[in-house]
*Asks:* 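Sharing a structure with you now.
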Amino acid sequence: MPDVTRKQLVGVLNTTADLLDVLGQEPFRANAYRGAARSLEATGTPVADLVATGFAGIPKVGKAIAADLAAFVTTGTFAPLEEAASQVAPGVLGLFRVRGLGPKKIRALWDAGIDSLEVLREAARDGRVAALKGFGAKSAATILEAVEFVLSTQDRQHLSTGLDVSDTLAAWLDGLEPRLAGDARRGLETVRTVRVTVTGSAEDVTARLAERVEALARLDPKPLLTGRVDGVPVEIAYAPAEARGALDLMMGGSTEYRASLRAQAKAQGFDLSGRGLKRAGQLLPTPAEADVTRALGCPLRPAEYREPEHDAVWETLPPPAELVTVADLRGLLHTHSIWSDGAATLPEMVETAARLGRYLGTGDHSRAAHYANGMSIERLRAYVREIRELQRAGLPLLAGAEVDILEDGSLDYPDEELLSLDYVVASVHSHFTLDAGRQTERLVRAVSHPLVTILGHPTGHLLLRRPGYALDLDAVLAAASANGTVVEINANPARLDLDWRYALRWRDRLTFAINTDAHVPAGLGDTRYGVAVARKAGLTPAQVVNTLSQEEFLAFVRRQREARTRG
DNA sequence: GCCGTTTTCGGCCCGACTGTTTTCAGTCG
């Protein structure tokens, strides 16, 4: 099996753990697989090197797991997973995606014959779930809501997965000028089908992909091949060089934007499709996207601005060349280390950031976050002391913390402790189920706190898994605006929170921070996804606080605090 | 299954919350 990624190793380990949990025979063995997965997530070592060294030095990967993983890399089969999977109905694994369901509940459902998401939805509706021992009417209602959410997002992937698969395809299609298309090109937070366009013929594509893409099939007469890569649906569209612009435009818009372009073309006597731009059956040369729009006499919308939400505003937004890029970011704020629930030491995290040419802003958890090894006041002081020592040694590093917003909107550390930090990220990690009124009040109070620099992951949503907490987000953003509080665009591909739609609406009234929330050194590379959100919102470097140098950012925090004490 | 010894066996993160119970199990972060 060629090109096994670390992500796939992590995937089979976690799936094995889930299955063992449902089987319920060896809970600690399940935890062992999960621990091994965590270690592999944290390492930066390439898979080939891991196999070559027998996974030496990777914590929690012992002899047995190392041997099974090595076999997986060569054969594509992970023996413990196969064995566990043979004992469980195939749809049961999907139930793990439903919030509120863990191994025990899933086991109970499965024993009752509820063994897939679709069956669960029916059973939650018709009262079968509520009648089960350990469940009730309230559980059934919660489960129904959660399972409907999961089913509604079932055919989508995170942007990170979409970009990974796109990159893989593009590498395989080398020589045919492969270009990113579809949702991933536009930087949408989730991606349905991974799309790539090329210059060439169906035969050119088939020659390169036949051995690599599962279920590769031509979709004649459309200039399109479909298939799957790592289980993700893909489409490869091809055109000769003279029609490539029309193809890129048709494959790179939202449904609505494509439809509007085709309607415009039709109104002017053209026929626009992936096959090219035609008039009276005659193909007009359109080697680039702009050739199409020029012929139609309309401006070319940048890919970032092709959603319906941009219709009314896109012409007032900055051109793509002025939008923030990954290269503009000079600091990586809101990161975690072994002081709380991160996997690496502060020096290791700083070193990785420095290798990326950036300073590191720490953001370990506060005391209320027990589950995440949150820091007591004593440990917070020791943490700040270590950071000050590292700073004296010349490391590019700032002292921050991710401080819990408590139920009443107050912060988890007293002001005198917050003042010992260079900056403060305030986030919600508990009491997700307050009613919208109380939740809004809570967050308004938090962003109005004189020592809060940044509001972390404002809605708490997890893409494809759970919606954010009930909240009047506009009211919270208004309070952030009034208090000069920075709003985070959390770049973790499972979060991408603040949503770009809100960032777009509030772009002129807020300052943003594109933060990785990295828990491992490799996570510091997630900026790419947050930048995609920022670009869809039309943000320039001047609107993103971590494009500032370390000194400039400290000055920003000082000004922010001074302005509040004056006000 | 892994780890670290009290060196080959016993322990493996835990407090808050929720909905179900009738005193607590299961899930989450």
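Side chains are part of it too, since the values below use all heavy atoms of this structure and drop only hydrogens, waters and symmetry mates. In the text below, chain A, chain B and the rest are named by the order of the sequence lines, each starting its count at 1.
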*Asks:* Does A:R381 have any salt bridge (charged side-chain N to carboxylate O under 4.0 Å, His left out) partners at least two apart in sequence or in another chain, and if so, which?
*Replies:*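 A:R381 satisfies salt bridge (charged side-chain N to carboxylate O under 4.0 Å, His left out) with A:E417 only.
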*Asks:* Under 3.5 Å, which N/O atoms of the protein pair with N/O atoms of nucleotides 3-8 of chain B?
*Replies:*
from: B:dC3; atom 1: OP1; to: A:K60; atom 2: N; distance (Å): 2.5

*Asks:* Quick one: list whatever passes salt bridge (charged side-chain N to carboxylate O under 4.0 Å, His left out) with A:E83, sequence neighbours left out.
*Replies:*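 Scan of A:E83 (salt bridge (charged side-chain N to carboxylate O under 4.0 Å, His left out), adjacent residues dropped) gives none.
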*Asks:* Mind jotting down which residue pairs meet the ring-ring contact (aromatic ring centres under 6.0 Å, His included) criterion with at least one end in residues 412-443 of chain A? Sequence neighbours excluded, please.
*Replies:*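 Applying ring-ring contact (aromatic ring centres under 6.0 Å, His included) to every pair that reaches into residues 412-443 of chain A, excluding sequence neighbours, yields A:H365-A:H429, A:Y423-A:F553, A:H429-A:H457, A:F432-A:Y469.
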*Asks:* Can you list everything that forms a salt bridge (charged side-chain N to carboxylate O under 4.0 Å, His left out) with A:R445? Sequence neighbours excluded, please.
*Replies:*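 Partners of A:R445 under the salt bridge (charged side-chain N to carboxylate O under 4.0 Å, His left out) test: A:D408.
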*Asks:* What does nucleotides 15-24 of chain B look like as a protein-contact string, B for base, S for sugar-phosphate only, - for none, at under 4.0 angstrom between heavy atoms?
*Replies:* --SSSS----
*Asks:* For residues 44-67 of chain A, pull every pair meeting side-chain hydrogen bond (donor to acceptor under 3.5 Å, both in side chains), keeping only residues two or more places apart or in separate chains.
*Replies:*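 The answer is A:T43-A:T45.
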*Asks:* Are there any protein N/O atoms within less than 3.5 Å of an N/O atom in nucleotides 26-28 of chain B, and if so, which ones and at what distance?
*Replies:*
from: B:dT27; atom 1: OP1; to: A:G102; atom 2: N; distance (Å): 2.5
from: B:dT27; atom 1: OP1; to: A:G102; atom 2: O; distance (Å): 2.8
from: B:dT27; atom 1: OP1; to: A:K105; atom 2: N; distance (Å): 2.9
from: B:dT27; atom 1: OP2; to: A:K104; atom 2: N; distance (Å): 3.4
from: B:dT27; atom 1: O5'; to: A:G102; atom 2: N; distance (Å): 3.4
from: B:dC28; atom 1: OP1; to: A:G100; atom 2: N; distance (Å): 2.6

*Asks:* Contact list please: residues 79-94 of chain A against DNA chain B, heavy atoms, distance less than 4.0 Å, in numerical order.
*Replies:*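 Going residue by residue through residues 79-94 of chain A, none turns out to have a heavy atom under 4.0 Å of DNA chain B.
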*Asks:* Sequence neighbours left out, what pairs pass side-chain hydrogen bond (donor to acceptor under 3.5 Å, both in side chains) with at least one residue falling in residues 447-456 of chain A?
*Replies:*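 Qualifying pairs: A:D415-A:H449, A:S448-A:N483.
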*Asks:* Can you pull the side-chain hydrogen bond (donor to acceptor under 3.5 Å, both in side chains) pairs that have at least one residue in residues 130-148 of chain A, sequence neighbours excluded?
*Replies:*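 Residue pairs with at least one partner in residues 130-148 of chain A: A:R125-A:E148.
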*Asks:* For A:N373, what residues pass the side-chain contact (heavy atoms from CB on, under 4.5 Å) criterion, not counting sequence neighbours?
*Replies:*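 Only A:R379 meet the side-chain contact (heavy atoms from CB on, under 4.5 Å) criterion with A:N373.
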